[in-house]
2 protein chains.
Amino acid sequence: MTTRKFCLSVLVKGETTGYELRKLSRDGLHRYFTDASYGSIYPCLNKLEREGLVTCREETTPGKPVRKVYTITDKGRAAFVEELQEPPFDDTYRSPFLMLALHAAHLPPEFLSERIDAREDELRQRIQALSEELSICSNPASCWTLRSGIETMAAALKFIENNRSELEALSHASSQARVQAAE
Amino acid sequence: MTTRKFCLSVLVKGETTGYELRKLSRDGLHRYFTDASYGSIYPCLNKLEREGLVTCREETTPGKPVRKVYTITDKGRAAFVEELQEPPFDDTYRSPFLMLALHAAHLPPEFLSERIDAREDELRQRIQALSEELSICSNPASCWTLRSGIETMAAALKFIENNRSELEALSHASSQARVQAAE
DNA sequence: GCTCACATGTAATAAGTTACATGATTTC
DNA sequence: GAAATCATGTAACTTATTACATGTGAGC
């Protein structure tokens, strides 16, 4: 159902293709909704077409593959607004990074530091991507959503920057203990 | 793989049962890793036992159902630390709430306000649950992880509190426009 | 008497991922 | 000449969810 809502969410703002949908789901704002692969997007678009929620036309640009451009219908618009109001799912945050933090004392110090660096970089990149999107954003609701993401991730990043040494100390301490035990 | 890592993550800190694992996955810290159902936990524990990563003993308390208590083995401990170091997955945040925010202008104002209230409540409850866990937490890595979650969610909550009126205004404006168009 | 908490498990189903299949054009 | 980008799609597989199946004891 996530892929479906994501596709409709993009389609209400304008026509698009399966290929573009996949790209959108990988960076920027739409990351908050899904990270879809072709294997979920193409079947989903076909289903939406069968249901009459979108129409499809083929665009042939010479020297390029045929593009199937999808456009939402009035029925599709109505269905989307309906589906948005369906029983709510809670927001979920899944963090392989916090799993590492939780077991910091059992991880090699260099490994842990590398992963903390990687997490900081990831956050910085995502914040920058959203900030760029915000700077060219004209729709107030999109701006709101972008700002929400930027501020939340900024808080997450700041916490890591301010407190990473604590975590790294845990890893060092126990790695020292392991070395001494081996002697 | 999430269920597996979650089970091992709990088991390295002490023995537990399938029933307890499901409860842990639904509130507190472990929500960052999974939200597992019996249908994934029980098969997972059986598999871990077959692989020799955990052992199982049956505890019979008179007048209570038999409990199958699982304990991690040395092999399990080693496997977990290995698996933690496997190629990283990015943290993911999936937000049905931000999907609503993005389409605020097409939603009825009362509906939107209700959902914003619900999201604020959800955040307050989760912040409180983590704070309580923090107040009785003795393991430094767990404390770190809890604080990280608390600060990030506090930032998310603050943003909503400070900016919800903007979103609600969008919904009101377009609902007024719809009424006028109908006249 | 009803509902909640304890406690384990399976089967059918849903949903999505990965790898495969194909192929032209542009950029290095 | 190699790699990346554009572009669509299917098949096999993995993973997890939902609903079902079963049963006791405690509190209201």
Side-chain angles (χ1 to χ4, degrees), chain A residues 1-8 10-11 15-27 30-31 33-51 54-70 83 86-90 92 94 96, chain B residues 1-8 10-11 15-27 30-31 33-51 54-70 83 86-90 92 94 96:
Chain A
M1 286 295 93
T2 16
T3 303
R4 180 187 173 90
K5 277 201 181 112
F6 159 68
C7 290
L8 288 171
V10 174
L11 281 157
E15 41 181 51
T16 190
T17 67
Y19 187 78
E20 276 173 13
L21 281 166
R22 176 173 155 278
K23 274 202 300 179
L24 285 171
S25 83
R26 298 201 172 253
D27 44 55
H30 297 280
R31 259 279 189 80
F33 313 126
T34 193
D35 181 358
S37 60
Y38 294 136
S40 61
I41 287 170
Y42 287 117
C44 182
L45 287 171
N46 286 325
K47 199 181 167 223
L48 289 172
E49 196 185 3
R50 282 197 306 276
E51 292 176 32
V54 302
T55 55
C56 173
R57 69 166 195 280
E58 298 201 351
E59 259 184 20
T60 329
T61 316
K64 288 234 175 139
V66 179
R67 299 169 84 221
K68 295 178 81 171
V69 181
Y70 292 88
E83 286 175 31
E86 277 170 8
F89 276 91
D90 281 353
T92 57
R94 290 294 130 77
Chain B
M1 287 296 93
T2 16
T3 304
R4 180 188 173 91
K5 277 201 181 115
F6 159 68
C7 291
L8 289 172
V10 173
L11 282 158
E15 41 180 52
T16 190
T17 68
Y19 187 78
E20 277 172 12
L21 280 167
R22 174 172 155 278
K23 275 202 301 179
L24 287 172
S25 83
R26 298 201 172 255
D27 43 57
H30 296 280
R31 259 279 188 80
F33 312 128
T34 196
D35 181 358
S37 59
Y38 294 137
S40 60
I41 288 170
Y42 287 117
C44 182
L45 287 170
N46 286 325
K47 199 182 168 220
L48 289 173
E49 197 185 4
R50 282 199 304 277
E51 291 176 32
V54 302
T55 56
C56 172
R57 68 166 196 280
E58 297 201 353
E59 258 182 22
T60 328
T61 317
K64 289 236 175 138
V66 179
R67 300 171 82 223
K68 295 178 80 170
V69 180
Y70 291 88
E83 286 175 30
E86 277 171 7
F89 276 93
D90 281 353
T92 58
R94 289 294 132 76

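Lettering follows sequence order; numbering is per chain, from 1.
Comparing dT8(D), dG9(C), dA7(C) by their nearest atom to the side chain of K68(B) picks out dG9(C). The side chain of N46(A) lies closest to dT10(D), out of dT10(D), dA16(D), dG9(C). The Y42(B) side chain lies nearest to dG9(C) when the options are dT10(D), dG9(C), dA16(D). Of the candidates dA16(D), dG9(C), dC6(C), dC6(C) carries the atom nearest the K23(B) side chain, counting heavy atoms from C-beta on.
By the 30° and 60° cut-offs, the orientation of the rings of H30(A) relative to F6(A) is perpendicular.
Close to dG9(D), at under 4.0 Å from its OP1 or OP2, lies no side-chain N or O of Y38(A). T2(A) has a side-chain polar atom (N or O) that falls below the 4.0 Å cut-off from OP1 or OP2 of dG16(C). Under 4.0 angstrom from either OP1 or OP2 of dA15(C) there lies no side-chain N or O belonging to T3(A). For dT17(D), one of the phosphate oxygens OP1 or OP2 lies less than 4.0 angstrom from a side-chain nitrogen or oxygen of S40(B). For dA16(D), the OP1/OP2 oxygens have no side-chain nitrogen or oxygen of S37(B) closer than 4.0 Å. The side chain of Y19(B) places no N or O atom within less than 4.0 Å of a non-bridging phosphate oxygen (OP1 or OP2) of dT8(C).
Mapped onto DNA chain C by nearest heavy atom, F89(B) and V69(B) fall at different nucleotides, with V69(B) at the one closer to the 5' end.
Atom P of nucleotide dA7(C) and atom CD of E58(B) are separated by 13 Å, given to the nearest angstrom. Atom CD1 of I41(B) and atom C1' of dC6(C) are 15 Å apart (whole Å). Between the CZ atom of R22(A) and the P atom of dG9(D) there is a distance of 15 Å, given to the nearest Å. The CZ-P distance, from F6(B) to dA16(D), rounds to 12 Å in whole Å. dA16(D) atom C1' lies 16 Å from atom CG of L21(B), rounded to whole Å. Counting to the nearest Å, the C1' atom of dT8(C) and the CZ atom of R57(B) are 17 Å from each other. We find that CG of L45(B) is positioned 14 Å from P of dA7(C), with the value rounded to whole Å. Rounded to an integer number of Å, the gap from R67(A) CZ to dG23(C) P is 22 Å.
Few gaps surround OH on Y38(A); more than 12 heavy atoms of other groups in view lie less than 6.0 Å from it.
N46(A) places a side-chain N or O within donor-acceptor distance of the main-chain N or O of Y42(A), the cut-off being under 3.5 Å.
Here the closest heavy-atom approach between residue R94(A) and residue R31(B) is recorded as NE-O, 3.1 Å.
One finds no salt bridge joining E49(A) and K68(A) here, because no Lys/Arg side-chain nitrogen approaches an Asp/Glu carboxylate oxygen to under 4.0 Å.
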